[in-house]
Amino acid sequence: NSMSLELWEEVSIMDEKNIPIRTYQVCNVLEPNQNNWLRTDWIHRSGAQRVYVEVKFTLRDCNSLPGVTGTCKETFNLYYHESNEDRESYIKESSFIKVDTVAADESFTQVDVGDRIMKLNTEVRDVKVTTRKGFYLAFQDVGACIALVSVRVFYKTCPLTIRNLATFPDTVTGADTSSLVEVRGSCVNQSEEKEEPKMYCGADGEWLVPIGGCLCSPGYEDKGGVCKACSVGFYKAKSSDTGCSKCPPHSHSLRDGATVCDCHSGYFHADSDPPSMACTQPPSAPQQLISVVNETSVVLEWAPPRRLGGRSDTSYSLECLICQAGSHNRGLCLPCSSDVLFSPSQTGLKTTRVVVSELRAHTHYTFIVHAHNGVSRASGAGATQSVSVTVTTNQAAPSPVSFIQATDVTRHSLSLSWQQPDRPNGVILEYEVKFYEKDQKERSYRIMRTFSRSVDVTGLNPLTVYVFHARARTAAGYGEFSGPFEFSTNSDPFPLIGDGVNSAFLLLSVSGVGILLLISAAVFIISRRYTHKQTQAHRHIYKRVKIYVDPFTYEDPDQAIHEFAKEIDVSSIHIERVIGMGEFGEVCSGRLRVQGKREIYVAIKSLKAGYSDKQRRDFLSEASIMGQFDHPNIIRLEGVVTRCKPLMIVTEYMENGSLDAFLRKHDGQFTVIQLVGMLRGIASGMKYLSDMSYVHRDLAARNILVNSNLVCKVSDFGLSRVLEDDPEAAYTTRIPIRWTAPEAITYRKFTTASDVWSYGIVMWEVVSYGERPYWDMNNQDVIKAIEEGYRLPAPMDCPVVLHQLMLDCWERERAERPTFSQILNMLDKLIRNPGTLPFILLPFLMYIYAWSVCQWLQSIGLERYRDTLAAAGYTSLDSLLTLTHQEMDRLGIITPTHQDILIASVQQEMLSQMQHIQHTMVPV
Ligand code: AMP
C-alpha cells in the first residue's frame, strides 16, 4: 500500500529468511518534539463492525543509541479515521481517533539489518468501525527508531455452519467485544423446522448457544448434518430425529426415500396399523362350527381360525338364511327376517359363541360364520373365509298376541278383536281371553275361548275398568299371554262408536323414581402449624455449628433484631460520604468509634424516611440475619441504630465495593491464582452459610463485596428470601434468572444446591472479569438454552479444571452438584497442585507453604498464641483462614483487637502471597 509519508522513508530490508521486503522506517531520535505521520489508503470496511489491525514492526532500544537521552521513544501511536470518501487527500491530525499506544514486546539493540536476523514484534489492536463505509489508519511516530514491516487489517466472522440440521450463514461479528449477533438458521434440504433454529455469533467468531433446530422429513434421515433419503428396503414415516427403519416383515420399498413400505402381494396393511407394523393377511375360516337347537333358538359355537394372518384383531359375523327343506343351494335361500335375535350380536363378535332366538318353528335355517380382521376389507370384498351349518327348528308355541282393541262399548258389554301372533309357529287352534276388574287385580278372573280373532264380552258392570289378556294355542300348546289392555264400560245403554277405540290404549303407569341425593360433605381438615414457637426451640446445636434462625419466625421484629444485633449509639458514628444506593436508601461510608475499641471504617445503610411497617421489618431483617453470622468471608455486622431516626445498619467497610463492578474496572489485571483466591473466599463463606442451613437465593458477583486486601465477602441477605414468601409476587420477573438453578425457577426449589448453581455462575463472572452471564440473550432464551442442555463456555484463558467445576455446579440434577465443602476442597487442591492451573510456579507455592504459622505470628507480634493455635490444629496458614471470632473466644483468644488482627492479617497474608506470584511471573 502506498502511504502518505512525511519523515517516514520507504526502505528495503531482508526478513528472517533473507527475503527482501519493503518497510517504512523513521528514526529521528536525536531531535525533540517529533510528530511524524504515516497514513494508509482508504480501507473499505465491507460490512465489518470491528476490525483488527495486526502490525509487524521492529523497534530499536533507546539504550543502544548513544547520546539520545530524553528525546528517544520506544512506542508509536495507532490512529483511525472513519470516512465515506475513498480519496481524502488531506485529513487533519485532529480528525484521527487514537486506538492505542503500541510498544514492542521485544526490542533489539543492533540495527545492522543488512546481514542480521532481526526480531519482529507483532501487535494486534481492534477498533469499532460502524459509522462510515470505510476508514483510514495512521501511525504516529513521536521520536522512536522504528520500521513498520507489515500491516494486516481483518475482521472476524462466524463461519458458515450446520447445527441441528439448520444452516447458519457466514456472519460478521458484532461491534463490541461482548456483543452477540443473533442469527436465524434455515433448515437443510429435506428437513422441517422442529423449533425455530437460532444461534449467536460471538465477538471471537465462535458460534454460541444453539437452540431449536430441524428434523429430517419423512423418507429422509440425518447423516452428519445432511438429510439423506432412506435406501431401498428402508423407510421413515414421520419427521423425527430417528433414522430410517428396515421395512417391517412382508413388505418392501423399491425406491429411495420411502415414507411407507408396500406390502408383498397377498399381504395387507390396515389404515389404522402403524407404519412399523408387519403386513398381515385376513384370517382363514372359523373351525368346528356346532349348533344346538332348542325349540326356536339355536346356540352356535365354533373354534378360531387356524391362521390368524399375523394379527390379533379377529372378529366374526353371522349370516342367517331361511332355506327350503333339504336345500343347500343358496339360490333357494332367503335372508332371515329382521326380528331374529342374536346374542351378544350378529356382527363384530369377539366371542366364538352366539345364541340365535326368535326363529320360526319347523324351519330350515343356514347359519354362515365369517372370520374377519383389520385387513379383511383391504384384501377385497367377499374374500372372508367362512364356515356354515344348516339346522331345523323344532315345534314351538305361538308368540304372544301383540295388540287387542275394543269396539261397541256399552254399560255391560264390549267387543274385543286382535291380530294373529307374529310367529304362530303352526296352525292356531284357539284363542283364550282372560279378564278381570282392575280393582280386583287377578283375584278373580274369567276366561273366554274362541276360534276367531274376536269375542263379545258381556255381563260387565257399568263404568268399570277391566283388564284383558289374550293368547293363542297351536299343537305345540299355548303361547304367552299378551300384556294387559284396559277398557272401561260406560253409562250409556248403547255403544258409542269410536269411544272404545280411543280408550283402548295401554295405560302405562309411571312409577315414581326415587332420587337419592348424595350430599357428600367435604371435610376440611385445617391443620395449623405453629411456627411462632419459643425462639429458644430453634437453637439447635449440631457439631458446634449454629443453625440460622429465620427472623420472620419472631412475632416482634424488634425482639429478633436485639437478639442478633448490637444497638449502636448514633453519636459514635461519623458519616463521611455516599457510596451507593441500596434497596431502602443511600449507602454511606464513615467511621465508627466504640468505647474501648480502635476506630474502624464502616458502611452505613439507612432507611429513608416515610417507610411502612413492612419496609422497616424487611430492612431490619437483613441485620437480624447478618448478625447471626461470624465468618471472614461474610460481611460483618457492627450493629444497628433503631432507637433514633433514620434507622441504620452498620457493617464493616469494603473499600473495593461490589465484585462485579470491581472486576470490570480491573479487566485482565489479575492472575488466575488471584481469581481463584477470590473464588475460594466466596466458597468458604457459602460453606459457612450452608452449614448454618441458610440458603442465600441471590448469590451473584454484584452481591459480593471486596475489601482493600481483595478479600471477598458474601453480602445481601434480605430481599431475596422475603420475595419467596409472597405467593403473589411476580417472582419470575424478580428472580435473577441467569443466576438461578432451573428447579428454583420452575418450582421455587431453593436449596444449598441451587446456591451451588449460582456459585458456578459467580465463578464464570469472576473468571470473565464481570462479563454478563449469557451476554445479551433474553431471559426466555436463557431458560430455553439451559433446558436444552447448553452451558456457558469457558471464559477466555480459563483453565479447564475451573470450567469443569462450573459445569459440575450446573448439573441438571441438583443431587449431582458438588457441595460447598467439596468446592472448597477442590479450589484448595487447585491452589496446591501446580499442574492443574497453568500459571502457578512450583517454587513459589513452596514458599507459601513453607511460611509457617509460627513465623507469621511473629511477624504480626502475636506469637503468644502459637501453642494455643497449634494445639487446636491450626498448623498451616490456609487452615487459619477458617478462624472465626467465636472459635477464638473458645480457644481463649479473647482480646477483640487480637481477634481482628488475626483474621484480617491471615487473609492479607494469603492474598499478598498470591499477588507475589503475579509479580514473579512478569514476562520473561
Ligand atoms: P446493597 O443495598 O447491599 O445492594 O448496597 C448497595 C451498594 O452499596 C452496593 O452495590 C455497594 O456498592 C455499596 N455497599 C454496600 N455495602 C457496602 C459495604 N459494606 N462496603 C462498601 N460498599 C458497600
Side-chain angles (χ1 to χ4, degrees), residues 551 561 565-566 568 572-592 594 599-609 611 614-641 646-666 678 681-682 685-686 689 694 696-723 734-736 738-739 758 762 765-766 769-770 772 900 903-904 907-908:
I561 193 83
K566 256 190 300 206
I568 295 180
S572 55
I573 302 171
H574 178 79
I575 295 181
E576 282 173 349
R577 61 192 176 86
V578 178
I579 53 169
M581 203 57 204
E583 171 82 7
F584 296 97
E586 282 171 352
V587 183
C588 298
S589 66
R591 280 170 290 149
L592 172 72
V594 179
E599 188 177 61
I600 54 169
Y601 283 100
V602 288
I604 304 136
K605 283 190 190 182
S606 39
L607 179 59
K608 55 178 179 264
Y611 51 81
K614 179 170 179 333
Q615 278 171 321
R616 175 189 145 94
R617 204 185 156 116
D618 291 349
F619 176 74
L620 290 180
S621 77
E622 174 162 26
S624 300
I625 296 168
M626 214 190 293
Q628 298 180 49
F629 302 141
D630 178 19
H631 186 273
N633 296 100
I634 305 290
I635 190 84
R636 182 178 143 78
L637 178 74
E638 295 298 340
V640 290
V641 177
L647 299 191
M648 293 182 202
I649 296 179
V650 182
T651 63
E652 66 182 304
Y653 180 57
M654 301 293 284
E655 294 83 349
N656 280 315
S658 53
L659 178 60
D660 61 333
F662 175 68
L663 286 171
R664 284 197 275 271
K665 196 162 123 200
H666 296 281
M678 297 178 197
I682 303 167
M686 288 307 297
L689 292 182
Y694 179 80
H696 190 289
R697 293 159 196 247
D698 194 9
L699 178 59
R702 64 179 172 278
N703 290 330
I704 304 291
L705 293 169
V706 188
N707 73 10
S708 57
N709 293 323
L710 289 195
V711 177
C712 289
K713 306 199 181 195
V714 181
S715 85
D716 224 306
F717 302 99
L719 190 69
S720 45
R721 64 157 314 289
V722 181
L723 273 179
R734 298 207 64 182
I735 274 190
R738 282 150 218 275
W739 282 264
S758 314
V762 171
E765 287 183 278
V766 168
Y769 286 93
R772 179 168 166 77
D900 288 348
I903 285 183
Q907 303 240 338
Q908 193 164 5

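Both ligands and their constituent atoms are indexed starting at 1 by order of listing. What you see below is based on every heavy atom in this structure, not just the backbone, and it leaves out hydrogens, waters and symmetry mates.
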**Asked** Given side chains that start at C-beta, do those of Tyr601 and Leu592 come closer than 4.5 Å, heavy atoms only?
**Response**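 With C-beta onward as the side chain, the pair stays apart.
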**Message:** Using side-chain heavy atoms (C-beta onward) and a distance below 4.5 Å, is Val714 in contact with Leu705?
**Reply:**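 SC-SC contact between Val714 and Leu705 ruled out.
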Need the ligand 1 atom indices (1-based, order shown) with element for anything under 4.0 Å from a heavy-atom of [X].
| X | answer |
| --- | --- |
| Asp716 | 3 (O), 4 (O) |
| Thr651 | 19 (N) |
| Ala603 | 17 (C), 18 (C), 19 (N), 20 (N) |
| Lys605 | 1 (P), 2 (O), 3 (O) |
| Ile579 | 21 (C), 22 (N), 23 (C) |

**Message:** Given the ring of Trp739, does Arg697 sit roughly above its face, with NZ or CZ under 6.0 Å from the centre of the six-membered ring and within 45° of the axis?
**Reply:**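 No, Arg697 and Trp739 do not form such a contact.
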**Message:** Any nitrogen or oxygen of Asn703 lying under 3.5 Å from a nitrogen or oxygen in ligand 1? Just yes or no.
**Reply:**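 Among all N and O atoms of Asn703, none is under 3.5 Å from an N or O of ligand 1.
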**Asked** Does Glu652 use its side chain to pair, donor to acceptor, with the backbone of Val602 at less than 3.5 Å?
**Response**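 Judged by distance alone, no pair lies under 3.5 Å.
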**Request:** Would you check whether Met581 reaches within less than 4.0 Å of ligand 1, judged by its heavy atoms?
**Result:**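 It does, in that a heavy atom of Met581 comes within the 4.0 Å cut-off of ligand 1.
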**Message:** Please confirm whether Glu652 approaches ligand 1 to less than 4.0 Å, judged on its heavy atoms.
**Reply:**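 Contact check Glu652 vs ligand 1: positive.
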**Item:** Centroid-centroid under 6.0 Å between Phe717 and His696 rings
**Value:**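 Aromatic pair counts; centres sit under 6.0 Å.
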**Item:** Selected option - heavy-atom contact closest to atom 8 (O) of ligand 1, from Asn707, Val587, Leu705
**Value:**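 Shortest heavy-atom distance from atom 8 (O) of ligand 1: Val587.
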